2 protein chains.
Amino acid sequence: MAYSVKEVAEKFQISPHTVRYYTDLDLIPGVERDLNNRRVFGDAALGWLKTIIAFRTAGMSVESIQNYLALYEKGDATIPERYELLVVQQQAVAEKLEELRKQMNVINEKVATYYDRIHRSSSRS
Amino acid sequence: MAYSVKEVAEKFQISPHTVRYYTDLDLIPGVERDLNNRRVFGDAALGWLKTIIAFRTAGMSVESIQNYLALYEKGDATIPERYELLVVQQQAVAEKLEELRKQMNVINEKVATYYDRIHRSSSRS
DNA sequence: TACTAAGTTCGAGTTACTCGAAGTCAACCC
DNA sequence: GGGTTGACTTCGAGTAACTCGAACTTAGTA
């Protein structure tokens, strides 16, 4: 129900530094402080962080995420706008995936070439 | 056969700045200068650049690429070592692809939820 | 001859961390 | 109570890989 920086970092496999960094940028709504000024994360905060990590992994900038949050904070009227933003992002990830797949092939080919060079006696570069 | 910075940049969809940056780091073997001190890229250089972009897209650091090149320059004796390096890299890309696919799903779900919120009358967050 | 479009170097700026220092604080041990 | 540990705090600096702009050169065209 209530988690510390370290617990959150472990849960999401990121460094405590990064967790603090995100809170300092107000990227995670609903993070409170306890009596000792320590960050306390509730389940809602964890949910947000999950989304934020997905966005970041997908290449969305911190600034765009802040824009998304600003829309969220303006209430339900911004739902269509947020939806648009997400769809654009979805498209961007799809492209990124495609790009990565292509480059994966380039590397696969290179590995195959080296494999041949090593396991047969003669061949090309 | 011989290409300028701009031509190379267009061919690979990267900025001329980045092309120069890579040559300055000696990331691309075989880039010469013409009488006006301008960078000249041959077909071999283009081949290298293709590989380098694949490595970079796949998340390999510039430093690792430099290590790979250093091995290359030491000759055929380093082929097994280069092969090992490539296989490790291949593994890393595979993981990255998997990770990206996962985060794509997170975003897909969010998009679907928003879609529901907009197209049906009532629902959850 | 002037303009344009490319090139050059160099140094500064940007993004998203990443690290380390210096200090606070609760919990445990003896 | 004193000492150590471990996790927390802020803050400022460092890093990677671009990214940009300034100031300048040079070749080609009008």
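Keep in mind the model is a prediction, meaning the values are calculated, not measured. Order of the sequence lines fixes the chain letters, A, B, ..., with proteins taken first and strands second; residue numbering starts at 1 for each chain.
Atom C1' of nucleotide D:dA17 and atom CD1 of B:Ile53 are separated by 14 Å, given to the nearest angstrom. Put simply, CG on B:Leu25 is 11 Å from P on D:dA16, counting in whole angstrom units. To the nearest angstrom, P of D:dT19 lies 10 Å from CD1 of B:Ile14. When rounded to the nearest whole Å, the span between CG of B:Leu35 and P of D:dG28 equals 12 Å. Rounded to an integer number of Å, the gap from CG of A:Asp24 to C1' of D:dA13 is 16 Å.
A:Asp24 contributes atom CG, which lies 11.5 Å from atom OG1 of A:Thr18 (distance to the nearest 0.5 angstrom).
Side-chain rings of A:Trp48 and A:Phe55 stay apart, their centers remaining 6.0 Å or farther from each other.
At D:dC8, none of the side-chain N or O atoms of A:Asn37 fall inside 4.0 Å of OP1 or OP2 (strictly under the cut-off). Here B:Tyr22 does not reach the OP1 or OP2 of D:dA17: none of its side-chain N or O atoms lies under 4.0 Å away. Remark: A:Arg39 is not in phosphate contact with D:dA7, judged by side-chain N or O atoms under 4.0 Å from OP1 or OP2.
Remark: the B:Tyr114 side chain and the A:Arg82 side chain contain an N/O donor-acceptor pair separated by less than 3.5 Å. Side-chain contact of B:Asp26 with B:Gln66: a donor-acceptor pair under 3.5 Å is absent, judged by distance alone.
Ring-plane geometry between A:Tyr83 and B:Tyr115 is classed as tilted, the angle between the planes lying from 30 to 60 degrees on a 0 to 90 degree scale.
A:Arg56 comes within contact range of the sugar-phosphate backbone alone, with a heavy-atom separation under 4.0 Å but no base atom that close. Note on B:Ser15: nothing from the nucleic acid sits closer than 4.0 angstrom, heavy atoms only.
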Practice prompt. Take B:Ile28 and B:Arg39, measure what side chain to side chain contact (heavy atoms under 4.5 Å, CB included) needs, and give me the verdict at the end.
Written response: CA-CA 11 Å; B:Ile28 316 173; B:Arg39 293 164 183 83; over 6 Å; no
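Nearest to the side-chain atoms of B:Arg38 among the listed nucleotides D:dT25, D:dT10, D:dG21 stands D:dT25.
Heavy-atom contacts from other residues, nucleotides or ligands closer than 6.0 Å to CD of B:Glu73 number more than 12.
Toward the 5' end of DNA chain C, the nearer of the two residues A:Met60 and A:His17, judged by each one's closest nucleotide, is A:Met60. Toward the 5′ end of DNA chain D lies the nearest nucleotide of B:Ser61, the other residue of the pair B:Ser61 and B:Asn36 mapping further downstream.
Boundaries of the chain A contact region on DNA chain C are C:dA16 to C:dA26, first to last in 5' to 3' order (nucleotide atom under 4.0 Å from a heavy atom).
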